[in-house]
Visitor: 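Questions regarding the structure given below will be posed in turn.
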Protein chains: 2
Amino acid sequence: MKDVAAVAGVSLATVSRVVNDVPVDPVLAGRVQDAVTRLGYRRDAAAAGLRRANRSSASIGIVLDDVANPFFSAVHRGLEEVARARGVLIFSGSSDDDPALERDLALSFSAHGVDGLVIVPAGTDHRYLERERAAGIALVFVDRPPQRILADAVLTDNAGGVRDAVAHLLAAGHRRIGYLGDRSHIFTAAERLGGYLARGEESLVRMDLVGSEAAERGALELLQGPDPPTALICGQNHLTIGALYALRALGLEAEVALVGFDDIPLGGLVRPGVTVVAQDPVALGRHAAELLFARLEGDDSPPRRIVVPTRLIARGSGEIRPSDRMRS
Amino acid sequence: MKDVAAVAGVSLATVSRVVNDVPVDPVLAGRVQDAVTRLGYRRDAAAAGLRRANRSSASIGIVLDDVANPFFSAVHRGLEEVARARGVLIFSGSSDDDPALERDLALSFSAHGVDGLVIVPAGTDHRYLERERAAGIALVFVDRPPQRILADAVLTDNAGGVRDAVAHLLAAGHRRIGYLGDRSHIFTAAERLGGYLARGEESLVRMDLVGSEAAERGALELLQGPDPPTALICGQNHLTIGALYALRALGLEAEVALVGFDDIPLGGLVRPGVTVVAQDPVALGRHAAELLFARLEGDDSPPRRIVVPTRLIARGSGEIRPSDRMRS
DNA sequence: TTGTAAGCGTTATCAT
DNA sequence: ATGATAACGCTTACAA
């Protein structure tokens, strides 16, 4: 910038003004522009933020569970869409569901001067962010609510989605509906179980299933037990896949109804097509970013909680009616 | 840091030394550590980089085609693994295959002071990066090679993967093998077509198919034409899915063999299972990051090109032998 | 409108 | 080993 000023024959301040479109004599502005292009000058964003009044860096940080997980990468995409429109850059990282990593990442981002933080929480105590917020960093939580700190959150309507699944199966005539769920200490897993229990039977629940193999075993247990369910609801992606394998192993894919939570790719190619309660991760990301930027622009209303609805996609497996064989 | 110095009763320089583990009297160091934790001080990475000799920021930027595409998000993950081990943060963004966006992102990252750039190129002229490289920014290209600039690249063995697919089908007895490909101006699409043409027939090729619907039409055309192929190779993910729908529509899933390039999720649940030539995107990312950090650490050998092999995963569809009906 | 100069939080140089 | 101080590239009072 010093060089630009020298070449254009103006002061440092004038170059800064031109670069930040502060009104400047058109003649001088022209000279500066010429010098800028001639020297290929680009302003150092880090240094600029350092001195700026609000210390803003036009960057935010996002802590996801796993950037490579399609659900979270879709959230990432939603965030990116709205950040891009504002020329804001994104630091991203995966916590792998490790509270210590979540913390490290969030604080590293903060140390690098981000204006805001979007977090898919892994930890259960977010008081460590109190200081960042006091420093003016905006905070939004996604998919899971913050704990021990007050902050905005954008969540999926987990309970409502499962209630819809139950209602859908009930309407098809099912009376015995099984439920396969993830580790119950996980917020979303607990919420979904809650949605099931509103009208479901506790004895047909298998929780704390992690991974598709566990789900397959859980499903086999349920289906081979006495008085087996005529329909299954799976609380998560991988569990749905496990249940699919179990049904196939027993030759029951056309007999027992199945509704999965969270869409699965190629759900339409499998036979029968897999009926799911789909989430909208891109919307989750978009809402989170909008909340974040609103805070950055001065909105200081009380913490908000946005709940994104789910959508039931009927593809066949959820529309199977209870067979006579099973009902007997 | 000023405050820490005051509280600890030492100079600014000493605090800086403690923070950067430069040898310091243990007593003073202790006092500084106390002050640091008491005040909750954390060093400002941006300001530190500004003054540091090598101006390093412990951050890199990656320009992907689309962060939400499972292939690229796996690349992202591979990059993250090795960056995390070095405490390096990652700016990420999607170019959506738009050369202008690629450029904007790369230059924005650079303006924010990244030490290196990993790029999945969308553009066909990367001379705009010459200046960044001259400024000491390391450059590595992934999945597609750089153009009009010399730089490291990490690529999949596209041609080799398709050659393997052809050999696999030939070994199963097929003589007429069709090929469905993406837009031929895309580097990877051209390479894969090249792999096919080594032993394939030009008349059975359908290129410039974008999206699964186009692939479905292309496949139907080939399969309903005179002297149809007994096997199909699909040059890309979505094309494989389109072909799958076409085969299902014609009731030929068990008659016509199919090998897809790039793995598809749930490839094992569809009947028959989908045989694919799988890429290793995580390895792509890991290699790229390793190359980048080697450059950052001073390696100035000539630009390298790393080729990552593919792996054929047999799941059924590629092992179908030519039926009599088709062969007649 | 333009220039001068102070200062953002840090590291590096140079005495001590 | 420690401290005073200049400097990094930039924005922003304040003065002209």
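Any value given below was found using the heavy atoms of this structure, including those in side chains, with hydrogens, waters and symmetry copies removed. Numbers restart at 1 for each chain; the letters A, B, ... are given by sequence-line order, proteins then strands.
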Visitor: Name the orientation class of the two ring planes belonging to H112(A) and F91(A) (parallel below 30°, tilted from 30 to 60°, perpendicular beyond 60°).
Guide: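 Correct class here is perpendicular.
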
Visitor: Mind grabbing the angle between the end helix axes of the helix from dG3(C)-dC14(D) to dT16(C)-dA1(D)? Five pairs an end, 10° rounding.
Guide: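 End axes: 40° apart.
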
Visitor: Name the first nucleotide and the last nucleotide along DNA chain C (5' to 3') that come under 4.0 Å of a heavy atom in chain B.
Guide: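 Under 4.0 Å from chain B, the extent on DNA chain C is dG9(C) to dT13(C).
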
Visitor: Holding to ring pair (Phe, Tyr, Trp, His ring centres under 6.0 Å), I want the full list of residues that pass it with H126(A), two or more places apart in sequence or in another chain.
Guide: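 By the ring pair (Phe, Tyr, Trp, His ring centres under 6.0 Å) rule, H126(A) matches F141(A).
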
Visitor: Go through it in stages, so that I can follow the logic: the residues are R295(A) and S301(A), the test is side-chain contact (heavy atoms from CB on, under 4.5 Å), and I'd like the CA-CA distance, side-chain angles, deciding distance and then a yes or no.
Guide: CA-CA 9 Å; R295(A) 294 308 187 180; S301(A) 54; 3.5 Å; yes

Visitor: Has S16(B) got a side-chain atom pairing as donor or acceptor with L12(B)'s backbone, closer than 3.5 angstrom?
Guide: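 Checking the backbone N and O of L12(B) against the side chain of S16(B), no donor-acceptor pair under 3.5 Å is found.
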
Visitor: In plain terms, say whether D44(A) and R55(B) are close enough for a salt bridge, that is, a side-chain N and a carboxylate O under 4.0 Å apart.
Guide: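 A salt bridge links D44(A) with R55(B).
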
Visitor: Do the charged groups of R286(A) and E80(A) touch, with an N to O distance under 4.0 Å?
Guide: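 No salt bridge links R286(A) with E80(A).
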
Visitor: Measure the shortest side-chain to side-chain distance between L117(B) and I60(B) over non-hydrogen atoms and say whether it is less than 4.5 angstrom.
Guide: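 SC-SC contact between L117(B) and I60(B) ruled out.
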
Visitor: Give a yes or no on whether R38(A) atom CZ has more than 12 heavy-atom contacts from other residues, nucleotides or ligands under 6.0 Å away.
Guide: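 At most 12 heavy atoms, drawn from other residues, nucleotides or ligands, come within 6.0 Å of this atom.
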
Visitor: Is there a residue in residues 7-31 of chain A whose heavy atoms reach under 4.0 Å of DNA chain C, and which residues are they?
Guide: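 Close to the strand are V10(A), S11(A), A13(A), T14(A), R17(A), V24(A), D25(A), L28(A).
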
Visitor: Would you call E130(B)-R127(B) a salt bridge at under 4.0 Å N-O?
Guide: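 Salt bridge absent between E130(B) and R127(B).
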
Visitor: Consider side-chain contact (heavy atoms from CB on, under 4.5 Å). Of V142(A), I62(A), L284(A), N69(A), which one does V120(A) pass it with?
Guide: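 Between V120(A) and the candidates, side-chain contact (heavy atoms from CB on, under 4.5 Å) is satisfied uniquely by V142(A).
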
Visitor: Looking at D66(B) and R77(A), is any side-chain nitrogen of the basic one under 4.0 Å from a carboxylate oxygen of the acidic one?
Guide: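 Yes, this pair counts.
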
Visitor: Answer yes or no: does atom CZ of R103(B) have more than 12 heavy-atom neighbours from other residues, nucleotides or ligands under 6.0 Å?
Guide: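 Counting neighbours around CZ of R103(B), 12 or fewer heavy atoms of other residues, nucleotides or ligands fall under 6.0 Å, so no.
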
Visitor: Under a criterion of less than 4.0 angstrom to any heavy atom of chain B, what are the 5'-terminal and 3'-terminal contacting nucleotides of DNA chain D?
Guide: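 First and last nucleotides in contact are dA1(D) to dG9(D).
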
Visitor: Do any of residues 33-54 of chain B sit with a heavy atom less than 4.0 Å from DNA chain D, and if so which?
Guide: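 Under 4.0 Å from DNA chain D: L50(B), R51(B).
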
